[in-house]
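Would you mind keeping the following structure in view while I ask a few things?
Source: prediction; values computed, not measured. Quick note on labels: first sequence line is chain A, next is B, and so on, each numbered from 1.
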Amino acid sequence: MNNQPPLLKMKGIVKHFPGVTASDHVDLQLQQGDVLALLGENGAGKSSLMNVLVGIYQPDEGEIFLNDQLVDIHSPADAEALGIAMIHQEFMLIPNMTVAENVILGKQDLPLFPSLEEVENKILDISKHYNLQVDPRAFISSLSVGERQRVEILKMLYRGAKILILDEPTAVLTPQESEDLNHVIRRMTSEGKSAIFITHKMKEVMAFSNKVQVLAKGETRAVKDTAKTTPEELATLMVGRQVLYNIEKEPFRPGDIVLDVKRLSTRGDREHSRLKEINLQIRQGEILGIAGVAGNGQQELAEALTGQIPPSEGSITIKNLDMTGKAPISYINNGVSYIPEDRGAMGSIGDMSVGHNLIMKGYRKAPFINRGILQKQSIFDFVHKLIKNFRISTPSQETQVKFLSGGNIQKTILAREIDACDGLLIAAYPARGLDVGATEAVRQEIVKQRDHGTAVLLISEELDELIMMSDRVGVMHSGSLLCILEGENIQRDKIGLVMSGVCPEEDQ
Amino acid sequence: MFDLVGSLLMITLAAGTSLLYATLGEIFTEKSGILNLGIEGTMLMSALTAFTVSYYSGSLILAVFCAALTGGLLSLIHAIITVTLRGNQVVSGLSITLLGTGLSSFLGQRLGPESNGFTLFGLNAHRFHAIEIPLLSNIPFLGAFFHQDILTYLLYFLVPATWIFLYRSRYGLSLRAVGENPRTATAMGIHVMKERYIYTVFGGIMSGIGGAHLSLAYTPGWSENITGGRGWIVIALVIFAAWNPGRAMFGALLFGGINAIQFRLQASGTNIPSAFLNMLPYLITLVVLVLMNVSPRMQRRFTAPGALGRAYVPEDK
């Protein structure tokens, strides 16, 4: 196999962005039939490298060879003509169009008046062959995330892709759907197609790939045969040091009930994410983890519990106060803190300074304000204290938050929320997209709050994170809280089973 | 009675013509994601150009061509500002309308012959006349459809043609994608900037022809503010039509009909004030906007292009 010339060769790829080198002389080789995993942390340069390959970015240096021929790729259309296609994390589908229309969109060799019926028949053929169930006449807006991904794969196969690049393909899938995806990829490679997939999850590397290339800080750290390596070795290569896979926390000693939610429902356009009769309680010193595929009502739950969307039915009681239908300010005054899912849009204001972001919750009260005037000195002291305690790495208090790294933005939010927290902390995907160091810091900080008696609702898609941190784990599916697992039942496969919509009888 | 209905219908069609040209154009522009509020100014400038060229050259073809060119050039300015420089589309469009209004008034007082004190007021130029189609124009009251000028007849072909282009051709598919989600369109190999330029300029050309119809056919001659707010009715019509050329035709007939009734009422001296009728198109648009957003089902069928009004920044600058 290795004696054959490589199907694809990227040589000495360099790509600069203002202030960052996303790719620093990276080489990459792919044989026909390979499934290559590109492994690395956020910001390691995986996506940039692949965006160069499909012509979205132009490299500053370097060459790409296909079957030993030098090729020029200036646009996605060029890549497509060479049989290279990428499925982005954010799907490239137009919601207001049908599956068939999306599949042929932008194709260069279309007749003036394309026959959608022909397209639909061909789609059905491909979907039978690969066992990718999709209705070609359905509008994208009516499909689930898993179905949309199938449409993306179908689209690329229809358009003659020989090398398929998948960017974090399983992030939005249930364990069962991931398994199905694995089958589709195997079927493709057995027919001579090849795949590259971008990931930061070790388990996927081991399950999907036959070769793995580890990237860090824009450079290649190692290229290995998957069969000849271990997750531990890969993790060390990826991070550059030994990774701690555990977190220290005190024994579980729950206190009084802090949050009591009864039959909570919300209105909403989306059937999947509308809350349906949620019942849950969280006590002092307890972390309740919420697992589930994103888009199944987790965000709605967090927003309902912070007063941002009003419940249509049911009640929310926090520290024995009825909070149902109250405004966000009442929740804040009652000691509820919230680390939102989208740290850029909801958690911080990028154009404002670190200092102002840190007092965004407290600015209404003394000592920060006196007769309507902000008090510079007390704000400075307070901000100085938080930056030090939470190890926020920023040039100054005045630096705009948008210039900080993701980890430091998250620490800024965490500092503000934890400082103001009195009783209940709601954290949605707190470690999403952070590097290993920042992830550990954020997790430790949350567990520390729990040890000090705070009730924590932790929403996450990382099962390991949930298992490691939570005292109980609930699973959300289609807007319902299916069941809550406790103690020994908090296990990977059990959670996975519930995520696909099946609740084991004995746990109910 | 037939006479009254027939003549009302005839004026309706004539009044709707300039509206429909500009509306079809604006539908294409907005489908590509660019909102052009400069229609009113563009139509004014084109009406002025058409009349002036017709007066001096005597050629109607040249007059319409120059009006279209004027429209195309004004919207090219809009395209440069909003597509390339990614400026605010609302501000750019409004500025073009204000510029067109002022400039056309000014030029209307300067471009005329010396004998008329350099103004264009009260002059006569070559104009479009209604062409009767034998036999068909004699059908009671539907005959009005076959007693129109050439620009109106052209629309009978343009409406189905634009519809087929938008919903059945490969070009229409990419156009709709560009306005829905330019990022996706780029990833699928579509040249977003190019498409936005083409359809913004196309929209201007169509508004230009609409403007020419005003000064050469519907109300021949030049008077300040000859459009009388038609450019704004067009913006309303695009929403009323939910970005569909077929529905735009009915909208143009409805809004043109209001115009025709206004004509009649003024002649007959009833006591319905014309200001009331002037207001009706906008009232109807508000009602449509409410209906569009009230029920989720309507919302799905009548949605604006997803990226309408938003500049597109390519990922790799």
Side-chain angles (χ1 to χ4, degrees), chain A residues 15-18 22 47-48 51-52 54-60 73-81 85-88 90-98 100-116 119 139-142 152 155-156 159 167 267-271, chain B residues 27 30-33 160-196 198 242-244 292-308 310 312-317:
Chain A
K15 177 68 190 170
H16 297 287
F17 287 106
S47 296
S48 301
N51 278 325
V52 165
V54 294
I56 289 178
Y57 294 164
Q58 297 307 309
D60 298 317
I73 302 174
H74 290 295
S75 70
D78 291 350
E80 187 183 311
M86 177 158 171
I87 296 176
H88 298 261
E90 181 191 325
F91 293 148
M92 296 294 176
L93 296 169
I94 309 265
N96 277 345
M97 291 186 180
T98 66
E101 284 179 312
N102 267 284
V103 163
I104 57 167
L105 183 61
K107 230 167 136 339
Q108 303 297 310
D109 54 355
L110 286 180
L112 180 56
F113 299 110
S115 151
L116 281 182
V119 176
F139 278 86
I140 300 295
S141 54
S142 69
E152 281 278 27
K155 176 169 85 178
M156 299 315 181
R159 296 160 83 111
D167 191 354
R267 286 186 202 90
D269 295 343
R270 293 160 188 236
E271 179 59 29
Chain B
I27 286 175
E30 291 196 14
K31 277 280 180 194
S32 81
T162 46
W163 190 90
I164 289 169
F165 183 91
L166 257 184
Y167 293 105
R168 289 287 176 268
S169 82
R170 55 177 290 200
Y171 300 108
L173 189 65
S174 1
L175 165 58
R176 285 183 288 142
V178 167
E180 285 291 342
N181 188 337
R183 241 170 73 80
T184 298
T186 305
M188 300 323 295
I190 298 167
H191 204 309
V192 172
M193 299 285 179
K194 194 171 89 187
E195 303 244 332
R196 288 191 162 181
I198 290 174
W243 295 268
N244 182 315
M292 250 169 73
N293 293 296
V294 149
S295 86
R297 226 193 69 220
M298 293 280 271
Q299 239 171 355
R300 207 162 307 134
R301 282 192 59 200
F302 297 99
T303 47
L308 179 62
R310 285 209 303 271
Y312 171 57
V313 188
E315 271 181 89
D316 191 24
K317 282 180 283 180

* Which bit of A:F139 comes within less than 4.5 Å of chain B, counting heavy atoms only: side chain, backbone, both or neither? -> neither
* Structure fact -> Whatever's closer than 4.5 Å to a heavy atom in chain B on A:P111 counts as backbone
* Is there side-chain contact between B:M188 and A:K155, with at least one heavy-atom pair below 4.5 Å? -> yes
* To do: Please lay out, stage by stage, how A:E90 and B:R183 fare under the test side chain to side chain contact (heavy atoms under 4.5 Å, CB included).
  => CA-CA 10 Å; A:E90 181 191 325; B:R183 241 170 73 80; 3.2 Å; yes
* A:L116 versus chain B, the contacting section by heavy-atom distance below 4.5 Å -> neither
* **OH/B:Y171: more than 12 non-hydrogen atoms of other groups inside 6.0 Å** => no
* Structure fact -> Minimal heavy-atom distance between A:F91 and B:T184, with the atoms involved, is O-OG1, 4.2 Å
* To do: Among the options B:R170, B:E180, B:R168, pick out the one with the most heavy-atom pairs lying under 4.5 Å from chain A.
  => B:R170
* Which pairs pass side chain to side chain donor-acceptor pair (under 3.5 Å) with one or both residues in residues 102-115 of chain A, sequence neighbours excluded? -> A:K107-A:D109
* Search all heavy atoms of B:S174 against all heavy atoms of A:L105 and return the closest pair with its distance. => CA-CD1, 4.1 Å
* For B:K31, enumerate each residue passing the salt bridge (charged side-chain N to carboxylate O under 4.0 Å, His left out) test, keeping only those at least two apart in sequence or located in another chain. => none
* For side chain to side chain contact (heavy atoms under 4.5 Å, CB included), just list the numbers for B:L173 and A:M97, CA-CA rounded to whole Å, side-chain angles, deciding distance to a tenth of an Å, and then say yes or no. => CA-CA 9 Å; B:L173 189 65; A:M97 291 186 180; 4.0 Å; yes
* Nearest heavy atoms of A:P76 and B:G189, plus distance in Å -> CB-N, 4.4 Å
* **Rounded distance [0.5 Å steps], OG1 in B:T186 versus CE in A:M92** => 8.0 Å
